[in-house]
Amino acid sequence: MDLKDQDWLYEQERVDSVTGKIAARKGTLEADVGLVRGDVVELRKDFWDEVRVNFSSSDDLGETSTSLRQQSQVLSERERAHLQASETLKKLRLLEKSPYFGRIDFTEEGQEGTEQIYLGIASFLDDDQETFLVYDWRAPVSSLYYDGAPGPAAYQTPSGEIGGMMELKRQFVIRDAQIKVMFDTGVTIGDELLQQVLSHSSDNQMKSIVATIQKEQNAVIRNDKSRMLVVQGAAGSGKTSAALQRVAYLLYKYRETLKADQVLLFSPNPMFNSYVSTVLPELGEENMLQTTFQAYLEHRIGREFDLEDVFSQMESMLKSEEGPWLRVKRASIAYKSSTQFLDAIRSYKDDLEHAGMKFKPIRFKGRLIVSEETMREKFYSYDSAIRLANRVDLMRDWLLKELAQFAKNERQAPWVDEQIELLDPDEYQKAYTRIRRKQAAKKQDTFDDHERERSLLAKMVVNEWLKPVRKWIKRMRFIDVKSMYETLLTDKDLFLSVSGGKGLPEEWEAMGEHALELIHAGKLAYEDVTPYLYLQDLLKGFQINSVIRHVFIDEVQDYSPFQLEYVKRIFPRARMTALGDLNQGIYAHTDVLGGSLESLKQLYGAEDTEVISLTRSYRSTLEIVEFTRGMMPGGESIIPFNRHGEKPIVQLADSREALHRSIVEDIRSLNARGYEHTAIICKTAEECEQVYAALKDELPMKRIAKTTPQFVTGTLVIPSYLAKGVEFDAVVIYDASQEVYRRESERKLFYTACTRAMHQLHLYSLGQPCRFIRDVDPSKYMLQS
């Protein structure tokens, strides 16, 4: 038996020993969990039997309260024990099939003997509860595996740096407690392991592959110093995977103070949430909060306006011909996404401190309670040193008092008697009972005479009718934000004043007319939503969230500088991790970033910002990466991973019918070769509908829309802008012709669509291929006709 065979035998015996102990621990814990669950069920069922309830006297009331508190504490303790045991059980079940993926042998400076350190997705202690059989991949010593190489090495701990010598670095692939792959490697994760992982088919959910974290990804995961961490990563560089594993690392390191519901991910679309939903649970952690920026906007002002989303904006612009509307739309998006417009709104707010506030009059049943003029006089009668939002609070309290006085006077109105007469017996009895109860609570004498009864019922009726007005005032709906936003967009002199001498933006008048037309129809264009909300919050006070400690923004290149400033404002205590690729900035407002990271660096300042670049692309084969990077200026900086496949195919078609026949044959062939997750990527949703209608009888397929909640496998028809962030075994670009992709502004969109392919990329063109293909060296693809 040679050394390699001996090593394999030794390692398999260790796997058998460790998994045996894991299985035994799991069996014991399963029994314990069952017992604790039974205790919890019984405690809940018998809760009130164990509580002595007596309200006869104050002493009895105190005894009842104590009894309730004691029983509740017992129940809470058993529920916590059950939850902790269940979480441990989950991790043991994951470890049992694959207990670890790496081993490092490390000799610490000044210490005798070499320690064998095995790394897995969770720690596992021997029966003595002191010896680590498996170390958690997030433990400080585990950084040696990701960053170090055999030879001198060191790692950071809370007490300082520990140096020494790494004697061995070994990697495993273990499935069902059997070693499938084992090899020793050097500085980075071995190509052999990566090759095996990357050769697998894509799935409808992102995988948690902590065994293949690279050194540069590890720097992303373990960074806990920067207020703002920017990850600029090429397509397929693993930035999203590293970000999710960063969440797991933070939850592990700060487990005493940081919980999953204090971490928030802004993802590109609802479908993406399902795509990444299993990563953290596979690492033994709860999922963080996940939403989209659009969902937040809808939550805030979706009841007041019909909000355009970024996908609708993209769809309308991609379908539009060059002309006045498109020119104005582009100008509107460019300006309203910029920090210049942000500064103008801030300056406008400063002006409103002194004059120009607009209010909606308070009315009831067509009658004026407080006029707009009276409200304005009252507002500007407050000390000018008081912040505007605080003056609005004072206004709200004053208006509520005015409403209370109006309600008191209104009780004698004839309509009140009519409403009292209209009370049916049940309503009358309920009202009477409620009144008697209130009187008893206040220790008031009760009177049964008609006048007293009428007075009490009148008060109840008026208060009930004025409830919507009271709620309206409490929500500060008396502030006429809409009129003030319209004024900002249409008053030329005002805008020149608040713009800081920078003059009017291009197409300013047409922009204002377009915005007003939508606002009067109860709609807001996407580029207006965040500015409108920002102005509203400046006036009414920001709804900040101090609970969230970490905000992750995926596809950050899709956010405007204005939107990023707003996110920073509403999460004042949070650190931010921004992930993106400037080459994939496909929306009109992303041009505002100027193709650089300067806007991101300005958010928290250069001193509090760290930028990590991931330039190696792992998703696609070398041939696909060489093809796609040729489309982009500076694409030579993208480094392909050395995994070979077939060159991309550019197929010319001379008719729509021939195009469809070729695509059907192509996808059938791809399916026969084992590529089960294929995307037909169209430019727009409208094109997707046409393709789906034409091919659905020939091929089983699913059409993906912006509202699709779940990411699914099979053959998908998907718009280019919804394919961001996900990957497929094979990608078919439906029509890559010059006729379809004719604008230079669509280069990044086309690049993003092509970079979704892992193994196969086929591009069809009805006529001449687009310029983005023609810009690529012809030797990097196969042209067929």
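Counting non-hydrogen atoms of other residues, nucleotides and ligands closer than 6.0 Å to CZ of R303 gives a total of 12 or fewer. Counted within 6.0 Å of CD on E607, heavy atoms from surrounding residues, nucleotides or ligands total 12 or fewer; the atom is thus considered open. Summarising the local packing, CD of E286 is surrounded by 12 or fewer heavy atoms from other residues, nucleotides or ligands at distances under 6.0 Å. Within 6.0 Å of atom NZ in K360, more than 12 heavy atoms from other residues, nucleotides or ligands are found, so the atom counts as buried in its surroundings.
Between the side chain of Y380 and the backbone N or O of G356 there is at least one donor-acceptor pair closer than 3.5 Å. Of the possible donor and acceptor atoms, none in the side chain of K724 sits under 3.5 Å from a partner among the backbone N and O of P268. Judged purely by atom type and a 3.5 angstrom limit, S347 has no side-chain atom pairing as donor or acceptor with the backbone of A344.
Residue Y145 is tested with F101, Y155, W137 for a ring pair (Phe, Tyr, Trp, His ring centres under 6.0 Å); the sole match is F101. Tested against Y534 for a side-chain hydrogen bond (donor to acceptor under 3.5 Å, both in side chains), the candidates E565, Q563, R346 yield a single pass: R346. Evaluated for a side-chain contact (heavy atoms from CB on, under 4.5 Å) with M576, the options V230, L229, V556, V567 yield exactly one hit, V567. Between Y296 and the options R300, E298, Q294, a side-chain contact (heavy atoms from CB on, under 4.5 Å) holds for only R300.
A distance of 11.0 Å separates OH in Y532 from CG in L489, rounded to the nearest 0.5 Å. For the atom pair CD1 of I638 and OG1 of T615, the computed distance is 9.0 Å after rounding to the nearest 0.5 Å. Going from atom CD1 of I473 over to atom NZ of K401 covers 13.0 Å, rounded to the nearest 0.5 Å. In this structure, CD in E610 is found 4.5 Å from CD1 in I612, a value given to the nearest 0.5 Å. Here the OG atom belonging to S142 is positioned 11.5 Å from the CD1 atom belonging to I221, to the nearest 0.5 angstrom. Interatomic distance, OG1 of T609 versus CG of L603, reported as 7.5 Å (0.5 Å rounding).
Between K349 and E353 there is a salt bridge, since at least one side-chain N of the basic residue sits less than 4.0 Å from a carboxylate O of the acidic one.
In terms of the ring-ring contact (aromatic ring centres under 6.0 Å, His included) criterion, F478 has no residue partners (sequence neighbours excluded). Scored by the salt bridge (Lys or Arg N to Asp or Glu O under 4.0 Å) test, R222 finds no partners at all (sequence neighbours excluded). K358 pairs by the salt bridge (Lys or Arg N to Asp or Glu O under 4.0 Å) definition with nothing, not counting sequence neighbours. In this view, A235 and D581, Q584, R619, Y751, T755, R756 satisfy the side chain to side chain contact (heavy atoms under 4.5 Å, CB included) rule, not counting sequence neighbours. Every residue two or more places apart in sequence or in another chain that forms a side chain to side chain contact (heavy atoms under 4.5 Å, CB included) with P572 is listed here: I544, S546.
In summary, the side chains of E527 and S332 do present a donor paired with an acceptor at a separation below 3.5 Å, with no hydrogens or angles considered. Checking E555 against Q557 by side-chain atom types alone, a donor-acceptor pair falls below 3.5 Å. Between the side chains of S312 and D309, at least one donor-acceptor pair of N or O atoms lies under 3.5 Å. In this structure, a donor-acceptor pair under 3.5 Å is present between the side chains of Y485 and D528.
Side-chain contact check for I553 versus T577: every heavy-atom pair is 4.5 Å or farther apart.
Sorted by first and then second residue, the side-chain hydrogen bond (donor to acceptor under 3.5 Å, both in side chains) pairs involving residues 257-268 (not counting sequence neighbours) are S267-N273.
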S241 vs Q245, test: side chain to side chain donor-acceptor pair (under 3.5 Å). Steps then yes/no. CA-CA 6 Å; S241 176; Q245 286 160 143; 3.2 Å; yes

How far apart are the C-alpha atoms of R138 and E285, what are their side-chain angles, what is the distance that settles it, and do they pass the salt bridge (charged side-chain N to carboxylate O under 4.0 Å, His left out) test? CA-CA 12 Å; R138 297 163 289 190; E285 298 290 353; 2.7 Å; yes

In sequence, state the C-alpha distance, the side-chain angles, and the governing distance for Y252 and Y249, and then conclude on ring pair (Phe, Tyr, Trp, His ring centres under 6.0 Å). CA-CA 5 Å; Y252 172 84; Y249 169 77; 7.5 Å; no

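Aromatic rings of F132 and F124 (six-membered ring for Trp) have centroids beyond the 6.0 Å cut-off, not under it.
Within the cation-pi definition used here (under 6.0 Å to the ring centroid, within 45° of the axis), R391 qualifies as a partner of F379. For the pair K568 and Y604, the cation sits on the ring face: its NZ or CZ lies under 6.0 Å from the ring centre, inside 45° of the axis.
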